[in-house]
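Worksheet: the structure to be examined is printed underneath.
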Amino acid sequence: MWQYILKRVLGLIPLLLVVSFVIFMFIHLIPGDAARLIAGKKATLEEVQAIRENLGLDKPLIEQYLLYLKDLLSGNLGYSIQSGAPVSKLIGERIMPTLGLTFMSIGWALVVGILLGVISAVFRNKWPDHLGMLTAVSGISLPNFWVGLVLIQLFSVQLGLLPTGGAEGWKSYLMPSFALGAGIMAMIARFMRSSLVNTMKQEYIRTGRAKGLGGNAIVFGHALKNSLIPVVTIAGLQFGFLLGGSVVVETVFSFPGLGRLLIDSIQMRDYPVVQAEILLFSLQFILVNLLVDIVYSFLNPKIRYQ
Amino acid sequence: MSNIQPEVVTTDRIVNERKETHFHQFWKEFRKKKPALISLFFILFLILIMIIGPSVVPYDPAKPDYNRVLESPTLEHFFGTDEFGRDILSRLAVGARLTLSVSISAVLLGAVFGTILGLVSGFFGKLLDRSIMRVCDVLFAFPDLILAIGIVAILGPGLRNVIIAVSFFSIPSFARIVRSATLETKEMLFVEATRSIGASNRRIIWKHIFPETVPTIIVYFTMKVGTAILAAASLSFLGLGAEPSSPDWGAMLSKSRDYIDSSFHLVFFPGLIIFLTVLAFNLLGDGLRDVLDPKTKD
């Protein structure tokens with residue numbers, strides 16, 4: 001087991017290097033002179049030059065990249081052009097609300113998704129299945145920003161029950177996490193259903209039936225545990241979907257999280273912040289995928305020996 | 001010489017008839033999938049609107065009418081009017097062209113590049129395969145929408161850049177899917193037979209392997225269009241896509257946010273049409289998968 005984990009972690013190093021290089025190149029891929037663009041139209045030549053030096057754009061590319069890596073490893077993510085504050089501080093202020101939102105979303109999505117998937121699989125091709133899968137395909141097709149706006153109209157404007165935005169108190173997390181989790185819930189439900197249907201076709205389930213186990217005992221005692229394995233993978237893969245969605249949902253609810261910071265920074269051309277945020281998002285994504293692989297190999301030992 | 005000519009025609013006819021029966025078979029199966037069939041008609045209807053929309057809409061979608069600002073749905077304006085008194089139904093109909101063409105062309109670009117990469121990767125294997133798959137891994141290391149937002153942040157907002165951004169994150173998934181289909185087909189006996197009679201690699205790939213992967217590509221393409229519409233609408237909603245004043249569905253939603261307290265129809269209808277369109281592509285994709293690619297069905 002440890003050997004497998006070590007192998008997987010070491011295997012990530014080349015990927016991390018390439019990803020960090022791609023993100024490093026981000027600021028260099030901006031068409032034209034990045035420093036001039038950041039400084040704005042009214043900036044003097046000196047100001048542009050100051051920004052260029054501040055960002056280290058006057059040094060050779062490879063030296064810039066090595067400096068960037070060195071800074072990253074020491075936890076220095078650069079400085080915001082707008083406020084001058086360290087990017088790590090800006091991100092630190094925003095990370096907790098986003099994490100809270102993410103976990104709430106994936107939490108309810110897992111519970112409801114698995115439940116919906118199990119109901120659909122148990123009543124396969126009957127009306128609860130059709131209803132469940134129609135709910136699921138609708139969930140995948142819903143634009144999350146629209147769900148957010150409809151919720152605001154319903155619960156804030158009409159009923160006056162929930163705040164329209166912000167991140168104060170648990171109430172302000174309810175609508176954003178619903179809007180964010182709906183798509184994932186739907187995908188988990190679909191995978192749960194097909195995974196359970198597949199498991200139910202296996203030999204050992206037939207053995208269980210032959211020895212006289214009833215329907216529920218088979219589903220909950222044997223089949224469910226085994227069919228959860230692929231669902232874990234899917235839940236992990238959908239994490240990226242969640243990160244992207246958080247940007248949109250946080251904008252709808254004026255939620256003070258990382259996603260909102262990303263959009264604000266893009267609009268203000270605060271490239272160091274944008275760069276650091278994209279790095280953070282892809283790092284989270286890579287780490288979650290690694291974690292999923294490890295959990296998966298733990299649940300399914302066959303994988304470790306391939 | 002004279003007796004060669006009719007024979008060629010006959011072979012042609014046989015081939016045509018075989019194609020026809022393929023299609024008939026497909027249609028017979030597909031017809032039974034009611035949700036997919038309804039979705040197909042809905043999508044065809046949208047495509048019709050895309051083509052003739054601008055000439056049949058009841059009102060000029062760009063012309064303001066300050067006597068009818070922010071009117072709720074009435075018999076004259078089924079979906080109500082916006083903050084400039086423009087008919088929302090007309091704007092949605094004209095916007096279909098923008099929204100659908102952006103999403104479809106983005107997925108088309110992704111499919112073309114992804115398919116070529118997948119075929120080459122699966123067919124030639126070895127170092128080429130490994131390099132292409134590593135590049136895909138790097139693209140996969142970024143969540144879809146974050147990658148798209150990053151690309152638009154570099155290139156600047158606008159629909160052309162949205163197309164580039166959305167096609168970029170479609171490429172690796174098409175490449176992977178086509179690659180695994182290629183690997184499977186490559187091992188089949190008929191490919192070996194073709195190779196043994198001396199067919200070139202190019203011919204084997206395009207004449208024999210590619211056609212086998214087409215059903216998978218069609219299924220995946222349909223589903224990806226749904227994703228692309230959502231991604232493009234999200235970018236427009238965030239102010240990174242279509243011009244805020246254009247009748248793009250995402251852009252219409254973005255502007256409507258300011259009127260959510262008083263005129264909810266401004267928010268409701270553009271979102272509803274995005275939802276229904278994406279739902280139609282997803283349901284069609286599910287139906288096509290069940291018929292064309294049954295091994296992936298539960």
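Throughout, a chain's letter reflects where its sequence line sits, starting with A, and its residues are numbered from 1.
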Subject >> Winner by heavy-atom pair count (cut-off under 4.5 Å) against chain A, out of B:Leu279, B:Leu147, B:Asp286 >> reply: B:Leu279

**OP:** Of all the heavy-atom pairs spanning A:Phe145 and B:Ser234, show the shortest one and how long it is.
**Re:** CE2-OG, 3.4 Å

Subject >> Interchain contact, A:Val147 with chain B, by part (heavy-atom threshold 4.5 Å) >> reply: neither

Original post:
Between A:Val150 and B:Phe264, is any pair of side-chain heavy atoms under 4.5 Å apart?
Top reply: yes

**OP:** Answer with side chain, backbone, both or neither: which region of B:Phe140 has an atom nearer than 4.5 Å to a non-hydrogen atom of chain A?
**Re:** backbone

**OP:** Kindly compute the distance separating CD (A:Glu277) from CD1 (B:Ile149), expressed to the nearest 0.5 Å.
**Re:** 10.0 Å

Subject >> When A:Ser141, A:Ser138, A:Ala121 are compared by non-hydrogen pairs under 4.5 Å with chain B, the top option >> reply: A:Ser141

**OP:** Could you tell me which non-hydrogen atom of A:Thr251 sits nearest to which non-hydrogen atom of B:Arg257, and how far apart they are?
**Re:** O-NH1, 3.3 Å

**OP:** Measure A:Leu15 against the heavy atoms of chain B and call it side chain, backbone, both or neither at under 4.5 Å.
**Re:** side chain

Original post:
Is any side-chain heavy atom of B:Pro143 less than 4.5 Å from a side-chain heavy atom of A:Phe241?
Top reply: no

**OP:** Could you look at B:Leu272 and say if it's the side chain, the backbone, both or neither that has a heavy atom under 4.5 Å from chain A?
**Re:** both

Original post:
So, for A:Pro143 and B:Phe275, which heavy atoms are closest and what is the spacing to 0.1 Å?
Top reply: CD-CB, 4.0 Å

Subject >> Gap between atom CZ of B:Phe142 and atom CG of A:Leu283 - 0.5 Å precision >> reply: 9.5 Å

Original post:
For A:Val247, is it the side chain, the backbone, both, or neither that has a heavy atom closer than 4.5 Å to a heavy atom of chain B?
Top reply: both

Original post:
Hey, what do you get for OH (A:Tyr271) to CD1 (B:Ile154), rounding to the nearest 0.5 Å?
Top reply: 8.5 Å

Original post:
Could you state the interatomic distance from CG (B:Leu283) to CG (A:Leu134), rounded to the nearest 0.5 Å?
Top reply: 7.0 Å

Original post:
Between A:Val18, A:Val19, A:Ile278, A:Leu142, which shows the greatest number of heavy-atom pairs under 4.5 Å with chain B?
Top reply: A:Leu142

**OP:** Heavy-atom pairs under 4.5 Å with chain B are the metric here; pick the option from A:Ile286, A:Leu243, A:Asn289, A:Ile263 that has the most.
**Re:** A:Ile263

Subject >> Contacting region of B:Asp137 [heavy-atom separation from chain A under 4.5 Å] >> reply: both

Original post:
So how far is it from A:Leu262 CG to B:Leu238 CG, rounded to the nearest 0.5 Å?
Top reply: 9.0 Å

Original post:
Going by heavy atoms in the side chains, are B:Pro270 and A:Trp146 under 4.5 Å from each other?
Top reply: no

Original post:
Does the side chain of B:Ile146 reach to within under 4.5 Å of the side chain of A:Gln284, using non-hydrogen atoms?
Top reply: no

Subject >> Over 12 non-hydrogen atoms of neighbours within 6.0 angstrom of CZ in B:Phe174 >> reply: yes

Original post:
So which of B:Ile274, B:Asp144, B:Leu253, B:Leu235 has the biggest tally of heavy-atom pairs under 4.5 Å with chain A?
Top reply: B:Leu253

Subject >> Contact origin within A:Ile23 toward chain B - heavy atom pairs under 4.5 Å >> reply: side chain

Subject >> Validation row: A:Ile140, B:Leu230 side chains within 4.5 angstrom (heavy atoms) >> reply: no

Original post:
By a 4.5 Å heavy-atom criterion (distance strictly below it), what part of A:Ile266 contacts chain B: side chain, backbone, both, or neither?
Top reply: side chain

Subject >> Residue A:Val137 versus chain B: region with a heavy atom under 4.5 Å >> reply: both

Subject >> Closest-packed option against chain A by number of heavy-atom pairs under 4.5 Å, given B:Ala280, B:Ala148, B:Ala141, B:Ser256 >> reply: B:Ala141

Original post:
Counting heavy atoms not belonging to B:Phe113, are there more than 12 under 6.0 Å from its CZ?
Top reply: no

**OP:** Enter the distance from A:Ser246:OG to B:Leu145:CG here, rounded to the nearest 0.5 Å.
**Re:** 9.0 Å

